[in-house]
Number of protein chains: 2
Amino acid sequence: MERLTGRQQKILSLIIHEHIRSAEPVASNRLVTDYNLDLSSATVRNEMAFLTETGFLRQPHTSAGRVPTEEGYRYFVGNLMRNTTLPEDARRTISHQFYQSRNDISNWMHLAASILANQSKAASLVTSPHPEQVRFKHLELIATHNTQILCVLVLEGGEIHQNVFTTDEAVNQEDLSRISNSLSTLLCGKNRIEVHALTNPLTELEKSIADWLMLEMEQTENLTSGEVILDGLTNVLAEPEFVESDEARRALKLIEERTLLQDLISRSGFKDQTNGVQVLIGGEGTWDELKQMSIILAKYGLPGVATGTLGVFGPIRMSYGHSISIVRFLSSLLSDFVAEQW
Amino acid sequence: MERLTGRQQKILSLIIHEHIRSAEPVASNRLVTDYNLDLSSATVRNEMAFLTETGFLRQPHTSAGRVPTEEGYRYFVGNLMRNTTLPEDARRTISHQFYQSRNDISNWMHLAASILANQSKAASLVTSPHPEQVRFKHLELIATHNTQILCVLVLEGGEIHQNVFTTDEAVNQEDLSRISNSLSTLLCGKNRIEVHALTNPLTELEKSIADWLMLEMEQTENLTSGEVILDGLTNVLAEPEFVESDEARRALKLIEERTLLQDLISRSGFKDQTNGVQVLIGGEGTWDELKQMSIILAKYGLPGVATGTLGVFGPIRMSYGHSISIVRFLSSLLSDFVAEQW
DNA sequence: TTTTAGCACTCTCATTGTTAGAGTGCTAAA
DNA sequence: TTTAGCACTCTAACAATGAGAGTGCTAAAA
């Protein structure tokens with residue numbers, strides 16, 4: 001990694017800041033006048049030439065200002081950005097919005113996606129918390145019409161699955177309650193394999209119920225992530241660099257189709273930096289479709305028990321400091337919600 | 001309504017067909033050569049002049065071909081379009097895709113949105129089926145941790161709500177089961193007002209549970225539509241007329257924010273045409289933001305019991321025949337699913 | 001009366017030429 | 001080491017031009 005002088009770092013920071021604001025190449029003059037630099041534009045130009053040589057800036061054409069490269073953004077995020085935390089009042093406002101829905105997973109997922117999108121002015125995603133190992137909690141059988149049975153499976157952590165069975169002959173609610181009670185007490189807290197070992201079903205109905213609940217548990221376990229909520233897709237489209245080119249459209253299409261997300265979430269190792277928040281800038285050489293975009297991801301939940309992913313994606317020219325602090329804050333907030341229920 | 005000769009109708013149809021295909025103004029020549037018209041271009045020009053005068057076509061500029069007006073599309077949809085039904089094999093393929101998820105509302109809503117978007121090459125929406133009157137079906141209380149109680153409310157039709165209560169002291173599962181059993185038998189099939197009249201709670205816990213379930217029932221009842229699933233937003237953005245203008249972006253933004261949808265669904269009277277399918281062309285003078293877009297909506301479900309809405313929205317230059325037949329088919333398919341569960 | 005060939009007319013769009021100005025790199029002086 | 005000054009380059013905006021697309025109209029043909 002190149003070593004930069006304090007002044008070079010400052011100029012790089014200012015250029016990135018100004019470019020994020022204006023979406024245009026930044027001229028040496030603009031820096032001097034608008035940011036009260038105690039330097040002449042010529043000096044700034046010399047430094048800019050150096051930063052261009054070392055790969056942190058580039059020039060769209062000879063007589064244009066400078067634009068940060070991916071490398072430049074990466075250096076900025078890794079070394080220069082001051083580690084902003086969300087101001088106390090913003091935290092309070094956001095926490096307050098969750099007050100009503102803290103007990104309903106689906107609700108707070110949507111809310112989180114909406115807040116992420118609005119605050120970061122980019123697109124956002126939130127995946128449902130995914131348990132490492134699925135455990136049975138409770139089963140309920142409810143007679144609906146004469147031969148139809150609504151079957152509700154509650155997993156540890158409060159996740160709910162439902163299904164409707166049709167039987168050959170009518171079953172009354174008392175019988176159903178007896179079955180569900182015995183199964184519930186028998187299987188409570190058991191994982192998929194234990195459930196399989198314990199169920200020695202007698203009737204046709206019990207057999208199909210047992211089959212179904214093992215299927216649901218297996219599916220839930222194998223999913224890398226359950227539901228994926230997207231929001232703010234149109235925010236990204238409003239950005240000037242995406243108005244013309246259809247690169248963004250293609251990237252958004254991939255994201256809407258959820259194909260990239262799986263890949264992205266599983267391959268981004270979460271090995272590293274910035275306090276559990278992962279920053280992917282310009283596809284990092286791996287994802288060609290994301291050349292113009294950056295993605296900020298964080299896991300949330302209880303490690304080893306149940307985790308989900310949340311994050312924002314926007315133009316490479318995004319406000320990293322603010323976005324990262326939002327992502328980090330929501331990640332810890334949602335972790336609390338998960339901890340309450342698991 | 002103007003009276004058009006057969007030839008005029010045919011020319012209007014062909015122009016609309018060709019314009020939907022090419023997204024460009026249609027010239028008199030193109031019609032004669034590409035569609036083997038047994039007429040000269042001059043004759044076609046005369047008819048085109050007439051159709052322009054009567055308001056079905058317009059000319060972007062003097063030396064350009066013709067483009068259908070909103071009025072033109074409306075006449076086409078109302079009078080000229082042959083009432084296409086989806087081919088048998090397409091129906092079968094689609095039905096087959098639903099096979100696995102016919103019992104899970106959330107699943108089939110997503111699937112329906114995805115199929116609508118892909119088939120119509122436009123954006124799609126599906127709202128959850130909304131009961132006319134909410135009725136209690138079943139209540140289940142499950143002890144999770146020492147002082148936490150997971151509370152699952154099942155409404156008639158299979159809709160499920162959940163909440164977590166925290167009590168001052170630990171409660172055992174037997175007590176909870178007793179409470180939920182007695183409440184379930186007491187309240188089964190009752191609507192919100194009857195529930196209110198019947199609950200004369202004794203303990204603090206019972207009181208908060210009763211409060212909550214009445215709140216949920218009330219909220220569910222007051223919603224014009226519950227969950228709204230959107231899909232295929234990026235399909236619309238790929239259309240040439242939206243690449244440049246930001247009109248589409250604004251329209252999509254409104255739709256993403258769900259503000260327009262409520263208005264749209266409630267105000268579109270479903271008074272009319274095309275077998276329960278409602279076609280809104282170019283905002284119909286009411287919605288300015290939708291000048292360039294058309295919306296095809298249909299209700300599904302059991303009228304008077306529980307209904308939802310589904311549809312597609314795309315450029316005004318959309319393939320109405322195909323889209324309408326898809327919407328109609330899915331509407332009847334989902335109606336079957338609703339009928340099975342209510 | 002209806003259709004059509006022919007032609008003048010209009011408007012767009014792509015191309016070219018031109019110019020102002022934005023911004024740089026370099027040099028020589030401070 | 002910094003900076004003033006200046007030549008140089010490239011873009012973006014504008015005007016001028018011409019080809020071509022497509023029309024409307026007229027007068028002749030069916």
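First the proteins, then the strands, lettered A, B, ... as listed; each starts at 1.
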Flag if over 12 foreign heavy atoms under 6.0 Å of NE2, B:His322: yes
Minimum-distance nucleotide (side-chain atoms of A:Ser28 versus D:dT23, C:dT24, C:dT4): C:dT24
B:Leu4 side chain reached by B:Tyr75 side chain, heavy atoms, under 4.5 Å: yes
Summary of salt bridge (Lys or Arg N to Asp or Glu O under 4.0 Å) pairs that have at least one residue in residues 20-41 of chain A, sequence neighbours excluded: A:Glu18-A:Arg21, A:Glu18-A:Arg30, A:Arg30-A:Asp34
Rounded distance (Å) that lies between atom C1' of D:dA7 and atom CZ of A:Arg45: 12 Å
A:Gln8 CD - D:dT2 P separation (whole Å): 11 Å
Sugar-phosphate only, base, or nothing, as touched by A:Arg7 at under 4.0 Å among non-hydrogen atoms: sugar-phosphate
Nucleotide paired to D:dA15 in any strand shown, Watson-Crick or G-U, under 3.5 Å: C:dT16
Candidates B:Glu257, B:Arg250, B:Glu256 - the one meeting side chain to side chain donor-acceptor pair (under 3.5 Å) with A:Thr234: B:Glu256
Parallel, tilted or perpendicular: ring planes of A:His17 versus A:Tyr35, cut at 30 and 60 degrees: perpendicular
Over all atoms of both residues, closest heavy-atom pair of A:Ser124 and A:Leu116: CB-CB, 3.5 Å
Touch class at under 4.0 angstrom, heavy-atom based, for B:Arg30 against every strand present: nothing
Euclidean distance, atom CD of residue A:Glu53 to atom P of C:dC26 [Å, nearest integer]: 10 Å
Between P of D:dT9 and CD of A:Gln59, the distance in whole Å: 14 Å
Rounded interatomic separation in angstrom, taking CG from B:Leu37 and P from C:dT3: 13 Å
Nearest listed nucleotide, side chain of A:Ala27, among C:dT24, C:dA5, D:dT3: C:dT24
Toward the 5' end of DNA chain C, by each residue's nearest nucleotide, A:Pro25 or A:Asn46: A:Pro25
First encountered from the 5' end of DNA chain C, between B:Ser41 and B:Thr62: B:Ser41
Distance, rounded to the nearest Å, where B:Asp38 contributes CG and C:dT2 contributes P: 18 Å
Side chain of B:Thr43 - closest among C:dT24, D:dT3, C:dT4: C:dT4
Per-nucleotide protein contact string for nucleotides 11-17 of chain D, where B marks a base within reach and S marks sugar-phosphate only (heavy atoms under 4.0 Å, - for neither): S------
Between P of C:dT24 and CG of A:Asn29, the distance in whole Å: 8 Å
Spacing of B:Phe56 atom CZ and B:Gln9 atom CD [to the nearest 0.5 Å]: 9.5 Å
Assigned partner base of C:dT27, Watson-Crick or wobble definition, under 3.5 Å: D:dA4
Distance, rounded to the nearest Å, where B:Glu18 contributes CD and D:dG22 contributes P: 11 Å
